[in-house]
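What follows is a set of notes on a single structure, which appears directly below.
Since the model is a prediction, treat every value here as computed from it, not as a measurement. We count ligands from 1, going down the list as the structure has it; atoms in each ligand are counted the same way.
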Amino acid sequence: MGEDGAPLPPREALPRGAVTRFAPSPTGFLHLGHAHAALFAWHLARAAGGRFLLRIEDIDAGRCRPEFAAAIVEDLAWLGLDWPEPVRVQSRHMAEYRAALDSLATRGLLYPCFCTRAEIAREIAAAAHAPHGPDGPLYPGTCRRLSAAERQERLARGDPHALRLDMAAALRTAPRDLSCHELGEGRRRCDPARFGDVVLARKDTPASYHLCVTHDDALQGVTLVTRGADLRPATDLHRLLQALMGWPEPAYAHHRLLTDAAGRRLAKREGAPALRALREAGHRPEAVRAMAGFGAAPR
Ligand code: GLU
(Lines give C-alpha, C1' and ligand atoms only; values in the text may rest on other atoms or scores of the structure.)
Protein backbone atom coordinates (compact mmCIF):
# COMPACT_ATOMS: atom_id res chain seq x y z
CA MET A 1 0.00 0.00 0.00
CA GLY A 2 1.13 3.53 -0.66
CA GLU A 3 0.69 6.26 1.87
CA ASP A 4 -2.86 7.06 2.82
CA GLY A 5 -4.16 3.78 1.50
CA ALA A 6 -3.35 4.40 -2.17
CA PRO A 7 -2.82 0.88 -3.48
CA LEU A 8 0.66 0.51 -4.95
CA PRO A 9 2.01 -2.87 -6.07
CA PRO A 10 4.41 -4.36 -3.52
CA ARG A 11 7.90 -2.91 -3.72
CA GLU A 12 9.45 -6.35 -4.35
CA ALA A 13 7.25 -6.73 -7.44
CA LEU A 14 8.66 -3.55 -9.00
CA PRO A 15 11.14 -3.92 -11.85
CA ARG A 16 14.37 -2.35 -10.57
CA GLY A 17 15.05 1.02 -12.11
CA ALA A 18 11.55 1.07 -13.65
CA VAL A 19 10.79 3.95 -16.00
CA THR A 20 7.18 5.13 -15.66
CA ARG A 21 5.31 7.98 -17.29
CA PHE A 22 2.22 10.13 -16.99
CA ALA A 23 0.85 10.84 -20.44
CA PRO A 24 -2.13 13.18 -20.31
CA SER A 25 -3.96 14.68 -23.26
CA PRO A 26 -4.20 18.46 -22.94
CA THR A 27 -7.94 18.71 -23.48
CA GLY A 28 -8.65 20.54 -20.21
CA PHE A 29 -7.23 21.28 -16.78
CA LEU A 30 -5.96 18.42 -14.63
CA HIS A 31 -8.26 17.33 -11.82
CA LEU A 32 -7.80 15.09 -8.77
CA GLY A 33 -8.16 11.92 -10.85
CA HIS A 34 -5.20 12.99 -12.98
CA ALA A 35 -3.24 13.87 -9.85
CA HIS A 36 -3.83 10.33 -8.59
CA ALA A 37 -2.59 8.85 -11.88
CA ALA A 38 0.49 11.08 -11.97
CA LEU A 39 1.37 10.43 -8.32
CA PHE A 40 0.90 6.68 -8.81
CA ALA A 41 3.44 6.65 -11.65
CA TRP A 42 5.76 9.04 -9.79
CA HIS A 43 5.75 7.02 -6.54
CA LEU A 44 6.33 3.73 -8.39
CA ALA A 45 9.35 5.15 -10.19
CA ARG A 46 10.73 6.44 -6.89
CA ALA A 47 10.11 3.15 -5.11
CA ALA A 48 11.85 1.25 -7.94
CA GLY A 49 14.83 3.59 -8.01
CA GLY A 50 13.85 4.51 -11.56
CA ARG A 51 12.61 7.50 -13.50
CA PHE A 52 9.29 9.23 -14.03
CA LEU A 53 8.59 10.88 -17.39
CA LEU A 54 5.93 13.34 -18.47
CA ARG A 55 4.58 13.11 -22.01
CA ILE A 56 1.98 15.29 -23.69
CA GLU A 57 -0.38 13.24 -25.89
CA ASP A 58 -1.76 15.95 -28.13
CA ILE A 59 -2.24 14.33 -31.54
CA ASP A 60 -5.94 15.26 -31.56
CA ALA A 61 -5.59 18.83 -32.81
CA GLY A 62 -9.34 19.39 -32.57
CA ARG A 63 -9.48 18.74 -28.83
CA CYS A 64 -6.00 19.58 -27.52
CA ARG A 65 -4.82 23.10 -26.74
CA PRO A 66 -1.31 24.38 -25.98
CA GLU A 67 -2.55 26.39 -23.02
CA PHE A 68 -3.77 23.17 -21.38
CA ALA A 69 -0.37 21.56 -22.01
CA ALA A 70 1.30 24.53 -20.30
CA ALA A 71 -1.15 24.24 -17.40
CA ILE A 72 -0.36 20.51 -17.02
CA VAL A 73 3.33 21.29 -16.57
CA GLU A 74 2.58 24.07 -14.12
CA ASP A 75 0.07 22.08 -12.05
CA LEU A 76 2.27 18.98 -11.76
CA ALA A 77 5.28 21.06 -10.71
CA TRP A 78 3.13 22.83 -8.13
CA LEU A 79 2.02 19.41 -6.86
CA GLY A 80 5.69 18.59 -6.21
CA LEU A 81 6.47 16.25 -9.11
CA ASP A 82 9.58 16.46 -11.27
CA TRP A 83 10.69 14.84 -14.50
CA PRO A 84 13.53 15.13 -16.98
CA GLU A 85 13.35 17.67 -19.81
CA PRO A 86 12.57 17.89 -22.62
CA VAL A 87 9.03 16.62 -22.31
CA ARG A 88 7.97 14.66 -25.37
CA VAL A 89 5.09 16.35 -27.17
CA GLN A 90 3.48 13.90 -29.57
CA SER A 91 2.26 16.40 -32.16
CA ARG A 92 5.90 17.22 -32.98
CA HIS A 93 6.64 13.63 -33.98
CA MET A 94 4.04 12.75 -36.57
CA ALA A 95 6.70 11.60 -39.05
CA GLU A 96 7.79 8.90 -36.58
CA TYR A 97 4.25 7.55 -36.26
CA ARG A 98 3.99 7.66 -40.05
CA ALA A 99 7.12 5.51 -40.31
CA ALA A 100 5.63 2.93 -37.93
CA LEU A 101 2.45 2.87 -40.03
CA ASP A 102 4.48 2.49 -43.20
CA SER A 103 6.22 -0.51 -41.70
CA LEU A 104 2.88 -2.19 -40.98
CA ALA A 105 1.51 -1.20 -44.40
CA THR A 106 4.51 -2.68 -46.22
CA ARG A 107 3.72 -6.01 -44.60
CA GLY A 108 0.08 -5.82 -45.72
CA LEU A 109 -1.23 -5.35 -42.19
CA LEU A 110 -3.12 -2.09 -42.81
CA TYR A 111 -5.88 -1.10 -45.18
CA PRO A 112 -7.54 2.24 -45.94
CA CYS A 113 -11.07 2.65 -44.62
CA PHE A 114 -13.25 5.22 -46.36
CA CYS A 115 -16.38 4.63 -44.27
CA THR A 116 -18.01 7.50 -42.44
CA ARG A 117 -19.15 7.05 -38.85
CA ALA A 118 -22.75 7.10 -40.07
CA GLU A 119 -22.10 4.35 -42.61
CA ILE A 120 -20.48 2.17 -39.99
CA ALA A 121 -23.33 2.81 -37.55
CA ARG A 122 -25.89 1.87 -40.24
CA GLU A 123 -24.10 -1.38 -41.05
CA ILE A 124 -23.82 -2.30 -37.41
CA ALA A 125 -27.49 -1.51 -36.79
CA ALA A 126 -28.48 -3.68 -39.76
CA ALA A 127 -26.42 -6.68 -38.62
CA ALA A 128 -28.23 -9.39 -36.71
CA HIS A 129 -25.26 -9.90 -34.45
CA ALA A 130 -22.76 -7.05 -34.05
CA PRO A 131 -19.81 -8.05 -31.86
CA HIS A 132 -18.50 -5.48 -29.37
CA GLY A 133 -14.93 -4.85 -28.26
CA PRO A 134 -13.38 -2.67 -25.56
CA ASP A 135 -13.71 0.44 -27.78
CA GLY A 136 -17.32 -0.26 -28.84
CA PRO A 137 -18.92 -2.22 -31.68
CA LEU A 138 -16.37 -3.89 -33.95
CA TYR A 139 -15.88 -2.55 -37.45
CA PRO A 140 -17.74 -4.83 -39.86
CA GLY A 141 -14.81 -5.01 -42.29
CA THR A 142 -16.50 -3.27 -45.24
CA CYS A 143 -13.36 -1.65 -46.67
CA ARG A 144 -11.24 -4.76 -46.05
CA ARG A 145 -13.33 -6.39 -48.76
CA LEU A 146 -12.81 -3.64 -51.39
CA SER A 147 -11.11 -4.85 -54.53
CA ALA A 148 -7.55 -3.65 -55.10
CA ALA A 149 -8.76 -1.63 -58.09
CA GLU A 150 -11.51 0.09 -56.11
CA ARG A 151 -9.10 0.87 -53.30
CA GLN A 152 -6.59 2.37 -55.74
CA GLU A 153 -9.26 4.41 -57.44
CA ARG A 154 -10.53 5.90 -54.21
CA LEU A 155 -7.01 6.64 -52.98
CA ALA A 156 -6.14 8.28 -56.30
CA ARG A 157 -9.31 10.38 -56.00
CA GLY A 158 -8.08 11.59 -52.61
CA ASP A 159 -11.07 10.23 -50.67
CA PRO A 160 -10.53 10.81 -46.94
CA HIS A 161 -9.63 7.58 -45.19
CA ALA A 162 -8.49 6.08 -41.93
CA LEU A 163 -5.99 3.23 -41.73
CA ARG A 164 -7.16 0.06 -40.01
CA LEU A 165 -5.19 -2.90 -38.77
CA ASP A 166 -6.17 -6.08 -40.56
CA MET A 167 -6.54 -8.01 -37.33
CA ALA A 168 -6.70 -11.47 -38.88
CA ALA A 169 -3.53 -10.82 -40.88
CA ALA A 170 -1.81 -9.32 -37.83
CA LEU A 171 -2.67 -12.35 -35.71
CA ARG A 172 -1.21 -14.67 -38.35
CA THR A 173 2.05 -12.71 -38.14
CA ALA A 174 2.30 -12.33 -34.35
CA PRO A 175 3.16 -15.06 -31.83
CA ARG A 176 0.06 -17.06 -30.82
CA ASP A 177 0.61 -16.89 -27.09
CA LEU A 178 0.61 -13.14 -26.41
CA SER A 179 0.47 -12.28 -22.74
CA CYS A 180 1.19 -9.35 -20.48
CA HIS A 181 2.71 -8.98 -17.06
CA GLU A 182 0.57 -7.09 -14.57
CA LEU A 183 2.51 -6.20 -11.46
CA GLY A 184 1.46 -8.15 -8.43
CA GLU A 185 -0.94 -10.25 -10.54
CA GLY A 186 1.40 -12.26 -12.72
CA ARG A 187 1.02 -12.98 -16.41
CA ARG A 188 -2.33 -12.74 -18.16
CA ARG A 189 -3.20 -14.03 -21.61
CA CYS A 190 -3.96 -11.27 -24.12
CA ASP A 191 -6.74 -11.40 -26.67
CA PRO A 192 -6.18 -8.55 -29.15
CA ALA A 193 -8.79 -10.00 -31.54
CA ARG A 194 -11.45 -8.43 -29.36
CA PHE A 195 -10.51 -5.04 -30.86
CA GLY A 196 -11.27 -6.14 -34.41
CA ASP A 197 -9.85 -4.05 -37.26
CA VAL A 198 -8.88 -1.16 -35.02
CA VAL A 199 -8.08 2.30 -36.43
CA LEU A 200 -4.35 3.07 -36.27
CA ALA A 201 -4.52 6.34 -38.22
CA ARG A 202 -7.61 8.49 -38.11
CA LYS A 203 -9.03 10.48 -41.00
CA ASP A 204 -8.44 13.77 -39.23
CA THR A 205 -5.22 12.77 -37.41
CA PRO A 206 -2.71 10.60 -39.27
CA ALA A 207 -2.09 8.44 -36.16
CA SER A 208 -4.08 7.04 -33.23
CA TYR A 209 -3.81 6.78 -29.47
CA HIS A 210 -2.99 3.05 -29.61
CA LEU A 211 -0.18 3.51 -32.11
CA CYS A 212 1.41 6.60 -30.55
CA VAL A 213 1.29 5.39 -26.97
CA THR A 214 3.00 2.07 -27.76
CA HIS A 215 5.50 3.74 -30.09
CA ASP A 216 6.49 6.31 -27.50
CA ASP A 217 6.65 3.93 -24.55
CA ALA A 218 9.09 1.83 -26.58
CA LEU A 219 11.10 4.80 -27.80
CA GLN A 220 11.35 6.38 -24.38
CA GLY A 221 12.31 3.16 -22.62
CA VAL A 222 9.19 3.02 -20.45
CA THR A 223 9.43 -0.32 -18.66
CA LEU A 224 6.40 0.04 -16.39
CA VAL A 225 3.21 1.38 -17.99
CA THR A 226 0.78 2.69 -15.39
CA ARG A 227 -2.78 3.63 -16.18
CA GLY A 228 -6.28 3.68 -14.78
CA ALA A 229 -8.12 0.40 -14.48
CA ASP A 230 -10.46 1.62 -17.25
CA LEU A 231 -7.62 1.30 -19.77
CA ARG A 232 -6.64 -2.25 -18.77
CA PRO A 233 -8.21 -3.86 -21.90
CA ALA A 234 -6.03 -1.68 -24.18
CA THR A 235 -3.00 -3.71 -23.07
CA ASP A 236 -4.18 -6.65 -25.18
CA LEU A 237 -3.92 -4.59 -28.35
CA HIS A 238 -0.72 -2.87 -27.27
CA ARG A 239 1.02 -6.21 -26.75
CA LEU A 240 0.09 -7.13 -30.32
CA LEU A 241 1.48 -3.85 -31.70
CA GLN A 242 4.67 -4.38 -29.69
CA ALA A 243 5.04 -7.88 -31.12
CA LEU A 244 4.41 -6.69 -34.69
CA MET A 245 6.87 -3.82 -34.39
CA GLY A 246 9.53 -5.67 -32.40
CA TRP A 247 9.18 -3.22 -29.50
CA PRO A 248 10.14 -4.37 -25.99
CA GLU A 249 7.49 -5.54 -23.56
CA PRO A 250 6.90 -3.30 -20.55
CA ALA A 251 5.21 -4.42 -17.32
CA TYR A 252 1.81 -2.93 -16.47
CA ALA A 253 0.23 -1.62 -13.28
CA HIS A 254 -3.28 -0.22 -12.98
CA HIS A 255 -4.53 2.25 -10.45
CA ARG A 256 -8.02 2.69 -9.11
CA LEU A 257 -10.22 5.48 -10.45
CA LEU A 258 -11.10 8.17 -7.95
CA THR A 259 -14.81 8.78 -7.47
CA ASP A 260 -16.88 11.64 -6.10
CA ALA A 261 -19.15 11.48 -3.05
CA ALA A 262 -21.89 9.94 -5.21
CA GLY A 263 -19.52 7.18 -6.36
CA ARG A 264 -19.15 8.57 -9.88
CA ARG A 265 -15.75 8.48 -11.49
CA LEU A 266 -14.07 11.90 -11.37
CA ALA A 267 -14.31 13.53 -14.77
CA LYS A 268 -14.04 17.05 -16.04
CA ARG A 269 -17.54 17.05 -17.49
CA GLU A 270 -18.96 15.89 -14.16
CA GLY A 271 -17.39 18.93 -12.50
CA ALA A 272 -14.35 17.30 -10.84
CA PRO A 273 -12.38 20.11 -9.18
CA ALA A 274 -9.40 21.22 -11.23
CA LEU A 275 -6.06 21.25 -9.42
CA ARG A 276 -5.72 24.96 -10.14
CA ALA A 277 -9.13 25.67 -8.65
CA LEU A 278 -8.02 23.89 -5.48
CA ARG A 279 -4.81 25.91 -5.49
CA GLU A 280 -6.71 29.16 -6.00
CA ALA A 281 -9.02 28.19 -3.12
CA GLY A 282 -5.92 28.20 -0.89
CA HIS A 283 -5.13 24.47 -0.62
CA ARG A 284 -1.47 23.54 -0.22
CA PRO A 285 0.13 20.92 -2.51
CA GLU A 286 0.40 18.40 0.32
CA ALA A 287 -3.32 18.74 1.03
CA VAL A 288 -4.14 18.18 -2.65
CA ARG A 289 -1.81 15.17 -2.78
CA ALA A 290 -3.68 13.75 0.19
CA MET A 291 -7.02 14.39 -1.55
CA ALA A 292 -5.62 12.47 -4.51
CA GLY A 293 -4.84 9.52 -2.27
CA PHE A 294 -1.15 10.11 -1.61
CA GLY A 295 -0.71 11.63 1.81
CA ALA A 296 3.06 11.66 2.17
CA ALA A 297 5.14 14.42 0.64
CA PRO A 298 7.15 13.35 -2.40
CA ARG A 299 10.74 12.61 -1.47
N1 GLU B 1 -3.18 9.96 -23.10
C2 GLU B 1 -4.06 9.01 -22.53
C3 GLU B 1 -5.19 9.72 -21.82
O4 GLU B 1 -5.09 10.89 -21.52
C5 GLU B 1 -3.41 8.08 -21.53
C6 GLU B 1 -2.17 7.44 -22.02
C7 GLU B 1 -1.96 6.07 -21.43
O8 GLU B 1 -1.62 5.96 -20.27
O9 GLU B 1 -2.16 5.09 -22.12
O10 GLU B 1 -6.17 9.10 -21.52
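In this structure, Phe22 does not count as a contact residue of ligand 1, since none of its heavy atoms falls inside 4.0 Å of the ligand.
Looking at atom 10 (O) of ligand 1, its nearest protein heavy atom turns out to be Leu231 CD1, 4.4 Å. Distance from atom 9 (O) of ligand 1 to its nearest protein heavy atom, with residue and atom name: Tyr209 OH, 2.5 Å. Looking at atom 6 (C) of ligand 1, its nearest protein heavy atom turns out to be Glu57 OE1, 3.3 Å. Regarding atom 8 (O) of ligand 1, its nearest protein heavy-atom neighbour is Arg21 NH1, 2.7 Å. The nearest protein atom to atom 5 (C) of ligand 1, hydrogens excluded, is given as Ala23 O, 3.5 Å; this is a heavy-atom distance.
Put simply, the side chain of Arg55 reaches to within 4.5 Å of the side chain of Asp217, judged on heavy atoms. Using a 4.5 Å heavy-atom cutoff, the side chains of Arg144 and Tyr139 are not in contact.
A donor-acceptor contact under 3.5 angstrom links the side chains of Tyr111 and Asp197, judged on distance only.
Residue contacts with ligand 1: Pro24 is placed with no nitrogen or oxygen under 3.5 Å of a nitrogen or oxygen of the ligand (distance criterion only).
For Arg154 and Phe114, the positive end sits near the middle of the six-membered ring, less than 6.0 Å away and at most 45° from its axis.
A salt bridge links Arg279 and Asp75; the closest N-O separation between the charged side-chain nitrogens and carboxylate oxygens is under 4.0 Å.
If you look at Phe29 and Phe68, their ring centroids are closer than 6.0 Å.
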